Visitor: 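Handing you this structure, nothing more for now.
A quick note: this is a predicted structure, and the numbers were derived from the prediction, not measured.
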Amino acid sequence: MRNTIILLFLAITSLSGLSNLNAQTVYTVDEAIRTALTNNQETKIAVKEVDRAKAAVDQAFGYALPNVNFSSSYSRFLSKPKTPFPDFGALLGNMTYDLLFKEKLLQYDESKFKPMATSLQSFAQTNNFEAKAEITQTLFCSAVFRGIGASEIYLETSKLSLKANISKTILNVKKAFHTVLLTKSLYEITKSSLENGEKNLSNVRALKTQGLVSEYDALQAEVQVENIRPMVLQMENNLKMAKEGLRIAMGISGNDDFDVNGELIFAEEQFPEIDKIQNTAFESNWDIRSLESKAQIDKEMIELDRSEYWPTIAAFGNYTYSGSSNNFNFQTYSSSIIGLSLSINLFSGMQTKAKVQQSTINAEKTIDQLSMLKNSVAMQIKNQINEINRIKINIKAQERNISLAQKGYELATLRYKEGTGNQLEIQN
């Protein structure tokens with residue numbers, strides 16, 4: 001079943017020509033399914049979601065790879081910055097006189113000392129440039145490693161969602177297709193009833209002309225025909241509605257006329273024990289598998305939020321080439337550095353704790369949804385098995401009724417022609 005779904009989906013790209021249908025195109029069930037997969041917008045969206053998930057995986061791996069940056073800049077001072085700096089002349093003079101006075105080379109004179117002051121001085125040059133290359137490699141970051149795992153699970157979940165979408169599309173098309181087949185069969189049966197009634201009416205009128213039956217029998221036969229005629233029109237309308245439902249499921253234009261080719265065949269089938277059926281359903285149901293995958297993502301999200309408690313360690317290195325001058329005759333120099341950095345959040349207003357609580361609640365909600373879905377699937381299986389068993393009995397009874405009705409009709413017609421029966425027997 002899984003391989004069939006995948007093959008049907010892969011056939012989408014080679015069947016784009018089916019969107020331009022000619023009048024009275026006749027579809028088999030497989031052709032209807034392929035057309036639906038080609039035109040289904042939800043399937044196209046699911047394919048794009050898978051592509052987006054693949055890009056998310058690449059992005060997550062990118063955080064674990066080295067980060068290399070290059071930057072460069074040039075600046076020119078229109079007005080140089082100045083810094084208050086001590087008066088070196090006064091400082092040097094005071095130190096010289098202090099030494100001479102201590103060595104008794106000069107007689108001490110307080111007036112020789114000058115007061116200390118500061119003056120604004122500039123040490124910057126007019127033109128400056130810098131080119132810098134820097135590389136950073138994460139050595140330990142729980143969020144990075146958890147993010148890679150979560151993105152891969154998300155990719156798998158997207159693929160499961162795509163398969164679930166394809167499976168639902170196939171199911172909807174099959175249901176709509178077989179509804180058309182069933183309605184066509186009912187329409188043909190009703191038409192046959194009308195043809196039988198018209199044939200009977202023709203026979204009655206012929207017998208009436210010969211004086212073999214009464215006017216009342218002729219009226220009964222005519223009433224019977226007129227009662228069946230609206231049923232034929234109703235079944236014709238039902239067939240149009242069934243085709244419209246199939247048209248919507250296939251996603252084809254409302255102006256395209258089409259028909260279906262197939263037959264309804266009843267095949268006796270023995271089902272295994274209900275527990276085995278449920279286990280098979282749980283393993284192959286795409287909605288269940290998608291929720292199970294989402295539950296794994298929720299667990300990863302808990303750990304991803306919790307990773308904010310752990311430190312981040314990274315190695316870094318950079319190389320810088322710089323220069324400065326007042327007249328573009330640059331004096332250049334270079335510098336380089338390597339090192340390790342460690343960062344850890346000590347307090348964030350309890351935000352991390354709140355995030356972990358929210359992600360934990362989301363995980364619990366997914367588990368509850370998964371349990372509800374499994375219970376729903378188990379109940380549907382039981383109901384469907386009971387319905388199938390009821391239909392089996394009904395089909396056998398109807399086959400017997402059809403056989404008896406056919407024999408009864410032939411016998412009533414023969415008795416009526418021989419004059420031993422009446423029109424009521426034929427109607428029944």
Side-chain angles (χ1 to χ4, degrees), residues 41-42 44-69 71 134-165 168 282-283 285-318 338-379:
Q41 294 297 325
E42 292 183 359
K44 294 178 181 179
I45 293 173
V47 172
K48 292 179 180 179
E49 188 63 26
V50 172
D51 293 337
R52 191 176 77 88
K54 291 179 181 179
V57 172
D58 295 338
Q59 180 184 7
F61 273 103
Y63 287 114
L65 299 176
N67 187 14
V68 181
N69 292 311
S71 62
E134 185 173 21
I135 182 172
T136 304
Q137 173 63 59
T138 300
L139 301 179
F140 175 80
C141 181
S142 181
V144 171
F145 303 140
R146 289 291 179 180
I148 293 174
S151 64
E152 291 178 337
I153 297 175
Y154 177 70
L155 173 59
E156 183 63 24
T157 303
S158 300
K159 292 180 180 179
L160 291 174
S161 297
L162 173 60
K163 293 176 181 179
N165 183 276
K168 288 179 181 178
F282 292 162
E283 292 174 0
N285 186 284
W286 297 113
D287 290 331
I288 291 178
R289 294 183 62 184
S290 295
L291 269 182
E292 289 175 342
S293 183
K294 183 179 182 299
Q296 295 180 2
I297 294 178
D298 291 339
K299 291 180 181 179
E300 289 295 324
M301 293 305 297
I302 294 174
E303 298 302 323
L304 187 62
D305 291 334
R306 189 176 282 123
S307 65
E308 295 184 12
Y309 288 123
W310 314 130
T312 297
I313 302 175
F316 65 89
N318 66 58
I338 59 173
L340 293 174
S341 66
L342 182 146
S343 62
I344 184 171
N345 179 264
L346 300 179
F347 182 73
S348 60
M350 307 299 288
Q351 295 182 39
T352 302
K353 181 180 179 181
K355 289 181 180 179
V356 173
Q357 288 178 340
Q358 293 179 64
S359 55
T360 301
I361 292 173
N362 286 334
E364 293 172 351
K365 287 171 59 180
T366 301
I367 296 299
D368 292 339
Q369 291 173 354
L370 181 59
S371 178
M372 291 174 59
L373 179 58
K374 287 185 176 181
N375 291 336
S376 176
V377 170
M379 182 181 67

Visitor: Mind checking the CD-CZ spacing from E152 to F61? Nearest 0.5 Å is all I need.
Guide: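 Those atoms lie 4.5 Å apart.
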
Visitor: Kindly compute the distance separating CG (L139) from OG (S341), expressed to the nearest 0.5 Å.
Guide: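 One finds 8.0 Å between CG of L139 and OG of S341.
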
Visitor: Measure the OG1-CG distance between T136 and N67 for me, rounded to the nearest 0.5 Å.
Guide: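 One finds 5.5 Å between OG1 of T136 and CG of N67.
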
Visitor: Taking distance alone, no hydrogens or angles, what donor-acceptor pairs closer than 3.5 Å link side-chain atoms of residues 363-371 to residues at least two apart or in another chain?
Guide:
unit_1	atom_1	unit_2	atom_2	d
T366	OG1	K294	NZ	2.9
T366	OG1	D298	OD2	2.4
T366	OG1	N362	O	3.1

Visitor: Could you tell me whether R289 and E292 have a side-chain N and a carboxylate O separated by less than 4.0 Å?
Guide: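 So R289 does not pair with E292 through a salt bridge.
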
Visitor: What distance do K159 atom NZ and S293 atom OG have between them, rounded to the nearest 0.5 Å?
Guide: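 Here the interatomic distance stands at 11.0 Å.
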
Visitor: Minimum heavy-atom separation for T138 to Y63, with atom names?
Guide: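 That closest heavy-atom pairing would be OG1-O, 4.1 Å.
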
Visitor: Rounded to the nearest 0.5 Å, what separates atom OG1 in T352 from atom CG in N345?
Guide: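 Between atom OG1 of T352 and atom CG of N345 there are 5.5 Å.
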
Visitor: Using atom types as modelled and distance alone, determine if a side-chain donor or acceptor of S151 lies under 3.5 Å from a backbone N or O of G147.
Guide: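 Side chain of S151 to backbone of G147, a donor-acceptor pair under 3.5 Å: yes, one is there.
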
Visitor: Where do I344 and W310 come nearest, in terms of heavy atoms and distance?
Guide: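 Here I344 and W310 meet closest at CG1-C, 4.4 Å.
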
Visitor: Which atom pair, heavy atoms only, marks the closest approach of A46 to L162?
Guide: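 Nearest heavy atoms, A46 then L162: CB-CD1, 3.6 Å.
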
Visitor: To check you understand the geometry: which heavy-atom pair defines the closest contact between D287 and A164, and what is its length?
Guide: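 Nearest heavy atoms, D287 then A164: OD1-CB, 3.8 Å.
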
Visitor: Answer whether the closest heavy-atom distance between the side chains of L155 and V50 falls below 4.5 Å.
Guide: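 Heavy-atom side-chain distance check passes, below 4.5 Å.
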
Visitor: Looking only at heavy atoms, what is the nearest atom pair of S142 and S307, with distance?
Guide: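 Taking every non-hydrogen atom into account, OG-CB, 3.2 Å.
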
Visitor: For a quick test of reading the model, state the closest non-hydrogen atom pair linking T312 to C141 and the distance between them.
Guide: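 Answer, listing the atom of T312 first, then C141: OG1-SG, 3.8 Å.
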
